[in-house]
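Written out below as C-alpha cells is the structure these notes cover.
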Amino acid sequence: MSKELSSPNGTHDVLPPQSRRWEFLIGTFSELARRGGFGLIVQPLFEDVAVFNRGIGEGSEVARKEMYVFTDRGDRTFALRPEGTAPVARAYVQHHPTPPWKVWYATPAFRYERPQAGRYRQHHQLGVEVLGTDDPLADAEVIALAHDFYTAIGLSNFSLLLNSMGDRECRPAFVDTLRGHLQSRVADLCPEHVATASENPLRVIDCKKPQCREVISQGPVLDDHLCEACRDHFGAVGDALDAMGISWIRQHTLVRGFDYYNRTTFEFVSHALDGAQNAIGGGGRYDQLVEDLGGDPTSGIGFGSGIERLLLARVAEGISDDGLDDVRGLDAFVIDTTRDVRVTSLISSLRHAGLAIDRAYDSKSMRSQFKVADRSGAAIALIIGPTELEKNAVTMRWLRNDNDMEPVSVAWDDVARTLKRWRGK
RNA sequence: GUGGGCGUAGCUCAGCUGGUUAGAGCGCCUCGCUGUGGCCGAGGAGGUCACGGGUUCGAGUCCCGCCGUCCACCCCA
C-alpha cells in the first residue's frame, strides 16, 4: 500500500460526483464573467521565474519560499504559477491588446506550503483582470462580480473588507513614518517581525499577534496619509459599491501579500469558515505591475478566488447540493441482452439527438444490468432483448419509484421523441 | 520551516493490560428470481494490519526509525 503511487502531498484528485460541484462553480463563474464583458484567457502553467520575482516581489513570502522553481533541459529557470495576475500582466506586455482588456481565467496555482484544511500545494482559482484603466468604476465592477458570484453559488455568510494602500505619490512617506514608528518599538514586536519591520514595514500591519497589533494600533494609519487622488479614488469605489447595494467594511489593516498592489485592496472572508483559511477571495489594483514587467505604464485591477475554499464555505454554510450530488444526469440507461449491432447504432443516434445515454458492458444478465441501471441514476430504462429486437422496438420503463407508469413498447424510430417527451425536453 | 494527531478490506471504522485461523457496517460479485433494479434472504471475493528494524516463546497491539496523511502555527485562495 505504501508503495502504491499516489497524488503528491497537498494535491488532490477531484472525482465524480464531487467534480459536479466544480462544473457548477466554473460554469456559474464563466457565465457571470461573460455578462461582465470578460473573455477567457488560457495560459501556461509555468512562466519564466522573473515574471513572479518582478511581479509579486522578491521580498514576498510566496516568491521567497513557496514557489515551485525548476530548470528545464535548456537551463532556463521557470516557476509553476503561484497566482494568476502576474502572468496576465506578462501576456498584456507581450501581446499589446487594446485597453481596456478584460479577461477571466480558471487556473491551478502552486505554492510549496504545508497543506492543511483549505490550503493545498495545488489549488484552483477563478479570477478576472482589467488592464488599461484606473477608473474606480472598474474596481467596483470587479468587486461586484466577485460578490455576485458568491451569491450565485449560494453563499451569504461573508463580508467584503476594503482598503486603500495609497500609490507611489503617497505611500513612500507613509512607509517611512511607519518604519520609524516600528523601529522605535522594535522590542515590543513579535520575533517574527523584528527583521521585517525595517525591510517591509507594511507586512507588520496585518500581523495577528497581540504584541504587534498593540504597536500597530498606536502607530500611523495609512488612511491619514493618502494623497488627494487616492482618497478620491477610494471614495468613488465605495460610492459605486453602495450604488450596487454591496456592503463593505473598511479595514485599515488589510495589507495583501503581493507587492504589486496599490490603492484598492479587498478581501472576501467567510464567517462560516474558521481559522486562518477564511479568505474565499481577494484582489486589488496594481498600477505598476505592467511597467515592472517591461511594459508601458498600464493600470490594472483584478481578483482571484479559491475553488476549494468556496466549496468548503458552501459546506460550512450548509448549502444543499441536491441535484448536483448523485445524478450523472442520464436520460436513459440501455439494458441490452442481445449485443446486436443495431442496438449500438440506436444508442449512437439517441446521443446524436442530444440525449444522455449509458449502457452496461460485458454481457451481464438482465438482472445485473438492471442493478447497474439503478445505480447510474438514470431516469428511464430502455430494455432490448430478443423479443424487442425482433420488433425493432424497445421497452421503456421508469426507474424511479416516484413514477409507476406501466412499461410501454416503443418503435426505434420513436424512441428519441418519446424519451424527450417523458423527460420534458 | 516549527509543533501535534492518525495509518487495520474499495470506504468508514472496531480490535481490552501482547495470546491460536484478523472483525463489523457500507460497497462489490453470485444466487434465491432463465427477461426486470430498489426491499429481503443465502453465499462469495477482497488484508504481507503503511514500510523497516527491535523486544518477546509469541506483536495489529510495546519500543525505535522511516514514509504517508490530516490538523495547527507562519502565510495565503
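Letters go in sequence order (proteins before strands), and every chain restarts at 1. Heavy-atom basis, side chains included; hydrogens, waters and symmetry copies ignored. Just so it is clear, the structure is predicted and the values come from calculations on it, not from any experiment.
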Tell me the interatomic distance from [X], atom [atom1], to [N], atom [atom2], rounded to whole angstroms.
{"X": "A:M366", "N": "B:C33", "atom1": "CE", "atom2": "C1'", "value": "14 Å"}
{"X": "A:L273", "N": "B:A77", "atom1": "CG", "atom2": "P", "value": "15 Å"}
{"X": "A:F370", "N": "B:U34", "atom1": "CZ", "atom2": "P", "value": "13 Å"}
{"X": "A:Q369", "N": "B:G37", "atom1": "CD", "atom2": "P", "value": "13 Å"}

Would A:R256 count as a cation-pi partner of A:F266, with NZ or CZ less than 6.0 Å from the six-membered ring centre and within 45° of the ring normal?
no
Suppose we call two aromatic rings close when their centres sit under 6.0 Å apart. Are A:H12 and A:Y120 close by that rule?
yes
Partner lookup for [N], please. Criteria are Watson-Crick or G-U wobble with both distances under 3.5 angstrom; report none if nothing qualifies.
{"N": "B:C6", "value": "B:G68"}
{"N": "B:C73", "value": "B:G1"}
{"N": "B:A24", "value": "B:U12"}

Run the salt-bridge test on [X] and [Y] with the 4.0 Å N-O cut-off and return the result as yes or no.
{"X": "A:R90", "Y": "A:E47", "answer": "yes"}
{"X": "A:R54", "Y": "A:D292", "answer": "no"}
{"X": "A:R342", "Y": "A:D340", "answer": "yes"}
{"X": "A:R114", "Y": "A:E66", "answer": "no"}
{"X": "A:R314", "Y": "A:E317", "answer": "no"}

Which protein N or O atoms sit under 3.5 Å from an N or O of nucleotides 40-46 of chain B?
none

Answer yes or no: side-chain N or O of A:E66 and base N or O of B:G1 forming a donor-acceptor pair under 3.5 Å.
no
For nucleotides 68-73 of chain B, just jot down a letter per nucleotide in 5' to 3' order: B, S or -, based on protein non-hydrogen atoms under 4.0 Å.
-SSBBB
Looking at every strand, decide which applies to A:P407 at a 4.0 Å heavy-atom threshold: base, sugar-phosphate, or nothing.
nothing
With no hydrogens and no angle check, just 3.5 Å: does a side-chain donor-acceptor pair link A:N163 and A:T265?
no
Between A:H233 (side chain only) and A:D134 (backbone N and O only), is there a donor and an acceptor less than 3.5 Å apart?
yes
